Amino acid sequence: MHKAFSLFSGGLDSLLAARAVMEQGVDVTALHFITPFFGYKNKGKEAQAAGDFKEKYGLSVRIIDVSPEYMEMVKKPVYGYGKNFNPCLDCKIFMMKKARALMIEEGADFIISGEVLGQRPMSQRRDAMSIVERDSGLKGFLLRPLCAKLMPPTIPEEKGIIDREKLYGLSGRSRRGQMELAERFGIKDYATPAGGCMLTDPILSKRIKEFLYKREEPVDARDVQLLTVGRFFKFPAGTLHVGRNEKDNEKLVSLAGEREVIIRARDVPGPVSVFRGSPTEGEIELAARITARYSDNDGLDFMAMEVSSGQETRTIEVRPAPVSLVEELKAG
Ligand code: SF4
C-alpha cells in the first residue's frame, strides 16, 4: 500500500485533502504541528487529541511539537511577514521540510497539503506555492488535492498512485467547493479556516513581535503563552499580566514558574497578576498598585497585596494606582 503524510492544521481544507487521498486507497498519516502560536491547546494532551481526530474524522494524526525551531524561524523569515507577524511562506516551507524528512525516514511516497490556489494572499498564490515546493525540496512530491487540476501533475499522479481525474480544481476565496466536499465526505463539525494562528491576530502578534525582538534571554513557549493572557503591561524589567476573569487567573497561575512574581489582593476578590522578568522592588510595588486597582478595592486608600515568588510569600501595603496611570501604562 502506498503511503503519504498530510499536513493537517485541524481546519477543513487539510482534512478534505487527506480524505480525498485516503479515498484513493493511500495510507495517509496526518501531521499536526504545534507551536506556541497555534495548536498549543493540544500540548500535553496529544494522545487524547489524536484519538478525537480519529473518532471524528477517521484520520490517523501524529501531533508533533516543533516550538523551539519554529520560534527561531519566526524571528527571521526569509520571505518576510504578512499583514501582521505572520511569516506564512516560511511557515509553510518549515512544515513541508519537516514532512519531507518524515517522508524520507519512513519511506512514504509523497506529501499532501490542503492549499487552495488563490485562497490566501500571501501563501496561496501560484508563485508562492511554487516557492514553497522548491524551497522545501518537495518538487513533484507535493500533492494539493483540492486544486490539483489547476497545477502541473505531480509524481504520484504520473506514477499512477493517484488518479488525477478524481482530484479537484478549487480556487479563490469562496468556500462553496469545500462545503460541498465536506458534505460528500459526511464531515459536519470542523474548525474555522486559519485555525486560530496567533501570528495573524493584530493585538497578540504585536505583543509577540515586540517581546520576541526585545528580549535578550531566550524565549520559550511558556513566555509566548503568557503574552496571550490578561491585560498586558510593559516594564523595563519585564511584563506584567493581569487576569481579566477567573479563567485568566487560573491560566496565569498554571503558567507561572518558580521565577515569576505572583501578586494578588490578600483580603478581597481580584485578579491574579504575574510579573515575568526580574522586577525591582519599585516595579513590584507599581505592579501591586495596578493589581489593586483591578481588585474589589471598594474605595480603600490602602490595600494588602500578597507577593509570591518561588516558595516565599509576603504582604505589602499599597495605594491602588489611579485609573489614569493604569491606562497610561497598559500596553494591550
Ligand atoms: S497563518 Fe500562521 S500557521 Fe498559517 S501559514 Fe501563516 S504563519 Fe503559518
Side-chain angles (χ1 to χ4, degrees), residues 5-18 30-43 49 53 61-101 111-136 138 142-144 146-147 170-173 175 178 190-213 219 221 223-225 227-228:
F5 283 108
S6 72
L7 295 174
F8 178 58
S9 66
L12 179 62
D13 293 6
S14 53
L15 172 58
L16 293 173
L31 303 174
H32 182 63
F33 294 116
I34 61 177
T35 77
F37 312 111
F38 50 84
Y40 211 72
K41 66 176 191 313
N42 293 326
K43 177 77 183 160
F53 286 134
V61 180
R62 212 180 279 180
I63 299 176
I64 307 171
D65 184 356
V66 290
S67 297
E69 276 175 82
Y70 190 90
M71 285 167 69
E72 283 311 304
M73 179 281 288
V74 171
K75 283 198 245 179
K76 31 184 183 322
V78 175
Y79 295 102
Y81 302 98
K83 199 168 156 211
N84 295 297
F85 198 42
N86 47 314
C88 291
L89 224 57
D90 289 77
C91 172
K92 298 256 179 200
I93 294 165
F94 177 96
M95 292 197 238
M96 299 292 181
K97 279 185 177 168
K98 290 273 166 215
R100 179 179 180 268
I111 301 296
I112 305 158
S113 146
E115 289 155 299
V116 167
L117 187 62
Q119 183 166 256
R120 300 262 168 79
M122 187 176 185
S123 59
Q124 297 188 19
R125 295 185 323 252
R126 192 179 282 277
D127 57 337
M129 287 164 90
S130 318
I131 290 173
V132 169
E133 199 175 319
R134 184 196 66 202
D135 287 13
S136 59
L138 278 175
L142 179 56
L143 179 71
R144 293 154 163 138
L146 303 186
C147 61
L170 304 184
S171 67
R173 301 177 77 90
R175 308 281 302 153
Q178 285 92 321
Y190 44 82
T192 50
C197 172
M198 231 183 250
L199 297 167
T200 58
D201 179 300
I203 296 169
L204 295 180
S205 64
K206 199 165 154 238
R207 289 186 191 182
I208 293 163
K209 183 177 177 181
E210 288 197 11
F211 194 71
L212 281 177
Y213 274 124
V219 176
D223 290 317
V224 177
Q225 290 296 300
L227 286 177
T228 66

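First listed ligand is number 1; within each ligand, the first listed atom is number 1. Computed from a predicted model, the values in this text were never measured in an experiment.
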- Task: For salt bridge (Lys or Arg N to Asp or Glu O under 4.0 Å), just list the numbers for Asp135 and Lys92, CA-CA rounded to whole Å, side-chain angles, deciding distance to a tenth of an Å, and then say yes or no.
- Result: CA-CA 10 Å; Asp135 287 13; Lys92 298 256 179 200; over 6 Å; no
- Message: Please confirm whether Phe85 approaches ligand 1 to less than 4.0 Å, judged on its heavy atoms.
- Response: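 Contact absent.
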- Message: If the cut-off is 2.8 Å, does any N/O/S atom of Cys197 fall short of it from atom 6 (Fe) of ligand 1?
- Response: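 It does not: Cys197 brings no N, O or S atom closer than 2.8 Å to atom 6 (Fe) of ligand 1.
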- Would you please name every residue forming a side-chain contact (heavy atoms from CB on, under 4.5 Å) with Val66, sequence neighbours left out?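 So Val66 forms a side-chain contact (heavy atoms from CB on, under 4.5 Å) with Phe33, Thr35, Ile64, Tyr70, Phe94, Lys98.
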- Item | Check: Ser171 side chain, Gly118 main-chain N or O, donor-acceptor pair, under 3.5 Å |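 Not confirmed, Ser171 side chain does not pair with Gly118 backbone.
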- Looking at Cys91, which atoms of ligand 1 are within less than 4.0 Å of one of its heavy atoms?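 It comes down to these atoms of ligand 1: 3 (S), 5 (S), 7 (S), 8 (Fe).
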- Item | Atoms of ligand 1 close to Thr200 [distance to a heavy atom under 4.0 angstrom, numbered from 1] |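 Within the 4.0 Å cut-off of Thr200, ligand 1 contributes 1 (S).
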- Task: Taking side chain to side chain donor-acceptor pair (under 3.5 Å) as the test, write out the residues that go with Asn42, two or more places apart.
- Result: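 Scan of Asn42 (side chain to side chain donor-acceptor pair (under 3.5 Å), adjacent residues dropped) gives His32.
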- Message: Tell me the nearest of Tyr70, Phe37, Phe38, Tyr81 to atom 7 (S) of ligand 1, using heavy-atom distances.
- Response: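 The nearest heavy atom belongs to Tyr70.
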- Step-by-step ring-ring contact (aromatic ring centres under 6.0 Å, His included) determination, Phe8 to Phe53: CA-CA 11 Å; Phe8 178 58; Phe53 286 134; 5.0 Å; yes
